[in-house]
Every structure is written in C-alpha cells, then in structure tokens.
Amino acid sequence: MDRLSVEHLLGIKDLNEKDIQMIFKTADSFKDVLNRPIKKVPSLRDITIANLFFENSTRTRLSFELAEKRLSADVVNFSAASSSVKKGETLIDTVNNILSMKVDMVVMRHPNPGAHEFLSKHIDAKIVNAGDGTHEHPTQALLDAYSIREKLGVVDGKKVVIVGDIKHSRVALSNIYCLQKLGAEVMVCGPTTLIPKYIDALGVKVEHNLQKALEWCDVANMLRIQLERQDIKYFPSLREYSMLFGLTMDHLKQLDKDIVVMHPGPINRGVEISSEVADSDQSIILDQVENGVAIRMAVIYLLASNINR
Ligand code: NCD
C-alpha cells in the first residue's frame with residue numbers, strides 16, 4: 001500500500017506533492033462512500049482517536065468527528081473549556097493521561113504555534129494538526145485545494161488570491177504551501193498591516209487593490225479578520241476594511257470572467273464577503289465543507305496505516 005512520507009500531519013510544509021496527490025486520490029474513493037446510502041466503512045474498527053480542542057471550532061471539529069466515525073474508529077472528545085487544563089495540568093501530562101487509555105491518534109487544535117510538533121517528540125501516537133494558532137491548518141488547505149481541483153479540473157497553473165488577514169491566518173500559510181506544491185500561482189491581498197513582513201520569502205505576489213487582484217485570479221479565497229488574535233488595531237474600522245477588501249457582487253460583475261469564490265468559514269456576512277456573493281453560484285463554500293469530511297477520512301486512514309497493530 002502507498003504510504004505518506006510523514007508519520008504525523010503537523011503541517012503542509014512537511015508534505016511533498018506525491019503525498020498531497022495520494023491524499024486526494026484516497027479522498028476521491030471516500031467521497032464515493034459518503035454518497036452511498038450507508039456512508040461507512042469498517043477500515044479503522046480497531047483504532048481509537050481523541051479529538052483535543054483547546055480552541056473554539058464548529059466545522060473542523062464536527063468534520064473530524066464525522067470522518068472518524070465514517071471510518072468506524074472509536075472516538076473520544078475533549079474541549080479545554082471543560083477540562084483539567086484549567087486546573088494547571090501541562091499539555092504533555094494531559095495528553096499522556098489520555099494516551100494511557102490506549103488512544104492511537106490525536107487530532108488537536110491548540111492556540112500555540114508549534115504545539116503539535118512539540119507533542120510529536122514526546123508522545124507515542126499519530127498527531128493530526130487541526131490548527132495551531134496563527135501557524136498551520138493543514139487539513140483546511142488540503143480540502144481547499146481539493147475543492148479547486150474538483151471545480152476547475154486541476155490546481156496546477158491556476159491563479160489563486162488569498163484575501164484578508166494573512167498575518168494572523170493559519171489557513172493562509174497552509175494554503176500558500178499547498179497551492180505552490182501543486183503548481184498554482186498564489187497572490188495575497190489585504191491592508192499592508194495585515195500582510196506579514198516575511199511575505200517575500202514565501203514567493204507569492206502581493207496586491208493591495210482588491211479589484212486588481214480579482215482581475216488576475218481564477219479563484220479568490222476570502223478570509224475572516226482574526227480579531228481574537230489581534231492585540232492592537234491593524235486598521236481603522238471594520239466598515240473601512242469592508243469597503244476596501246469586502247467582496248461584493250459589484251466586484252464580480254466588473255470582471256469579464258467567472259471566478260471561483262471560497263471561504264473556510266466562519267463567514268462574517270457583510271465584512272469580508274457580502275451575503276449575495278456567499279450564496280451565489282460562484283461560491284463553493286458549502287462544497288468545501290462537504291469535501292472536508294472526505295479529506296479528513298483520507299488523512300486519518302493513510303496515517304493509521306503506519307500504526308503497528
Ligand atoms: C478557520 C480556522 O479556524 O483557522 N476556520 C476553520 O477551520 N474552518 C478560519 C477562521 O477561523 O477564520
């Protein structure tokens with residue numbers, strides 16, 4: 001059987017193109033399963049997975065849990081708000097206690113960048129990063145690229161603009177790595193204060209005018225302003241942000257082509273995207289959510305094939 005080049009999914013940075021294509025091919029077959037009346041396979045009947053969420057989540061958490069259940073894994077859930085983390089326990093102690101109950105894989109979301117890499121050096125279980133602070137969100141980038149491949153046939157050669165809070169967004173960084181590995185051209189667009197200083201090192205184009213960015217691209221991925229990660233003000237007001245960088249029908253009508261519109265959710269209607277655009281035919285936002293389950297099934301299935309059982 002084909003194997004991924006990695007033991008854990010810590011970030012897209014560690015994957016090669018072959019890994020990504022393998023995940024897509026596996027997701028294709030799981031997508032077929034999800035469209036059958038019985039949406040379940042027995043593949044991981046002997047595996048136990050813990051979902052550890054130290055940060056809020058709706059989509060990602062449900063999507064992982066569904067993916068695990070569709071693979072017939074045993075699943076336990078943990079959220080920091082109701083746990084002993086509040087009583088002063090360290091991350092390694094929390095996780096080792098969970099692992100001593102014979103857990104094979106940990107899906108974790110954590111506010112600290114690098115928390116997963118740290119954990120991978122200290123515990124004996126497969127780790128999947130479901131978001132580490134402002135750093136990476138690998139399964140989101142995989143499902144985003146997979147959704148582009150589904151809509152446009154290929155990712156190679158396509159032009160993708162990522163619009164918004166590039167500085168604080170883990171979706172942006174993982175998307176940049178993933179799209180580039182698959183041969184797409186990437187542009188970022190947003191206010192200067194929300195574009196990180198190291199952006200040149202990532203080999204992406206930078207544009208501050210939304211209409212120009214839209215004229216250039218085949219796909220626009222609209223991101224939420226990560227207000228919860230901002231300790232100072234990066235722009236005068238949300239109203240101004242939305243006037244300069246919010247995607248509306250007027251923008252789309254001015255183009256002489258139909259671009260694909262994406263958003264990882266949660267969307268803030270009327271801020272980064274208008275309701276009309278979010279609900280339009282050009283938006284693939286709900287396809288992204290649907291594809292998330294198949295992509296996460298593929299990642300978990302491929303990583304589980306390296307577990308000694
Ligand atoms: C993203 C996240 O949590 O990083 N959402 C998600 O996983 N679907 C994006 C965001 O919160 O803006």
Side-chain angles (χ1 to χ4, degrees), residues 8-11 44 47-143 165 168-171 173-174 223-231 263-268 288-297 299-301 303-304 307:
H8 310 279
L9 181 61
L10 304 178
L44 301 193
I47 295 283
T48 305
I49 304 179
N51 298 315
L52 313 186
F53 279 72
F54 295 88
E55 247 192 19
N56 295 344
S57 173
T58 315
R59 256 158 305 271
T60 305
R61 186 176 171 154
L62 281 177
S63 180
F64 268 110
E65 192 174 339
L66 269 177
E68 292 152 5
K69 289 183 167 162
R70 306 281 197 229
L71 289 165
S72 305
D74 286 324
V75 179
V76 284
N77 289 310
F78 156 103
S79 87
S82 57
S83 74
S84 287
V85 175
K86 295 270 183 267
K87 300 181 189 168
E89 192 170 61
T90 67
L91 179 61
I92 293 186
D93 282 338
T94 302
V95 176
N96 266 332
N97 272 274
I98 294 166
L99 293 184
S100 63
M101 299 181 228
K102 306 267 179 277
V103 167
D104 306 290
M105 193 180 290
V106 168
V107 173
M108 184 169 85
R109 170 168 284 194
H110 198 279
N112 296 353
H116 302 74
E117 185 161 353
F118 171 74
L119 209 57
S120 71
K121 299 199 169 100
H122 292 93
I123 66 164
D124 187 23
K126 303 289 165 209
I127 297 175
V128 182
N129 182 357
D132 60 334
T134 55
H135 181 220
E136 279 226 42
H137 189 354
T139 55
Q140 181 69 44
L142 289 165
L143 74 90
D165 187 356
H168 302 99
S169 168
R170 54 192 172 210
V171 177
L173 189 61
S174 287
L223 302 183
R224 185 177 66 85
I225 304 284
Q226 308 277 298
L227 286 174
E228 73 278 24
R229 300 188 202 284
Q230 300 178 5
D231 44 7
H263 195 306
I267 59 177
N268 280 313
Q288 292 172 258
V289 179
E290 183 185 335
N291 288 333
V293 180
I295 281 289
R296 291 177 174 118
M297 285 173 83
V299 165
I300 292 167
Y301 175 80
L303 288 178
I307 294 174

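Keep in mind that the numbers below use all heavy atoms, side chains included, and drop hydrogens, waters and symmetry copies.
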Task: Cation-aromatic face contact Arg109/Phe53, 6.0 Å, 45 degrees - done: no
Open item on the list: Among Leu66, Thr60, Asn291, exactly one meets side chain to side chain contact (heavy atoms under 4.5 Å, CB included) together with Arg296. Which residue is that?
Closed with: Thr60
TODO: Specify the closest pair of heavy atoms between Ser120 and Leu10, including all atoms of both residues, with the distance to one decimal.
DONE: OG-CD1, 3.9 Å
Open item on the list: Which residues pass the ring-ring contact (aromatic ring centres under 6.0 Å, His included) test with His168, not counting sequence neighbours?
Closed with: Tyr234
Open item on the list: Going by side-chain contact (heavy atoms from CB on, under 4.5 Å), name the residues that satisfy it together with Asn112, two or more places apart in sequence or in a different chain.
Closed with: His110, Ala115
Open item on the list: Let me confirm one number: the CG-CG distance from Leu62 to Asn51, rounded to the nearest 0.5 Å.
Closed with: 10.0 Å
Task: Salt bridge flag under 4.0 Å for residues Glu65 and Arg61 - done: no
- [ ] Go through the steps to decide whether His8 and Leu119 satisfy the test side-chain contact (heavy atoms from CB on, under 4.5 Å), and finish with yes or no.
- [x] CA-CA 11 Å; His8 310 279; Leu119 209 57; over 6 Å; no
TODO: Can you measure from CD1 (Ile225) to CG (Asn268) and round to the nearest 0.5 angstrom?
DONE: 9.0 Å
Task: Over 12 non-hydrogen atoms of neighbours within 6.0 angstrom of CD in Glu117 - done: no
TODO: Measure the CD1-CG distance between Ile98 and Asp93 for me, rounded to the nearest 0.5 Å.
DONE: 11.0 Å
Open item on the list: As a quick check of understanding, evaluate side-chain contact (heavy atoms from CB on, under 4.5 Å) for Leu99 and Val106, giving each step before the final call.
Closed with: CA-CA 9 Å; Leu99 293 184; Val106 168; 3.9 Å; yes
Open item on the list: Strictly distance-based, threshold 3.5 Å: is any side-chain N or O of His116 a donor or acceptor partner for the main-chain N or O of Met108?
Closed with: yes
TODO: Taking all non-hydrogen atoms of both residues into account, name the closest pair between Pro264 and Gln140 and its distance.
DONE: CB-NE2, 3.4 Å
Task: Spacing of Ile123 atom CD1 and Asn96 atom CG [to the nearest 0.5 Å] - done: 6.5 Å
Open item on the list: For Ile267, is there any backbone N or O sitting under 3.5 Å from a side-chain donor or acceptor partner on Arg224?
Closed with: no
Task: Asp165 side chain vs Gln226 backbone, donor-acceptor pair below 3.5 Å - done: yes
Task: Donor-acceptor contact present, side-chain Asp132 to main-chain Pro113, <3.5 Å - done: no
Task: Residue pair Pro266 / Thr58, side-chain heavy-atom distance below 4.5 Å - done: no
Open item on the list: Between Glu228 and Asn56, is there a side-chain donor-acceptor contact under 3.5 Å, judged purely by atom types and distance?
Closed with: no
Task: N/O donor-acceptor pair under 3.5 Å between Gln288 side chain and His263 backbone - done: yes
TODO: Verify side-chain contact (heavy atoms from CB on, under 4.5 Å) between Lys102 and Thr48, making sure each step is shown before the conclusion.
DONE: CA-CA 7 Å; Lys102 306 267 179 277; Thr48 305; over 6 Å; no
TODO: Indicate the atoms forming the closest heavy-atom contact of Ile295 with Leu143, along with that distance.
DONE: CG1-CA, 3.8 Å
Open item on the list: Using 0.5 Å steps for rounding, measure from the CG atom of Leu71 to the CG atom of Leu44.
Closed with: 4.5 Å
Task: Rounded distance (nearest 0.5 Å) linking atom CG of Asp74 with atom CD1 of Ile49 - done: 9.0 Å
TODO: Start with the C-alpha gap between Phe64 and Val75, add the side-chain angles, then the distance that decides, and say whether side-chain contact (heavy atoms from CB on, under 4.5 Å) holds.
DONE: CA-CA 10 Å; Phe64 268 110; Val75 179; over 6 Å; no
Task: Chi angles and distances behind the side-chain hydrogen bond (donor to acceptor under 3.5 Å, both in side chains) call for Glu136, Ser174 - done: CA-CA 5 Å; Glu136 279 226 42; Ser174 287; 2.6 Å; yes
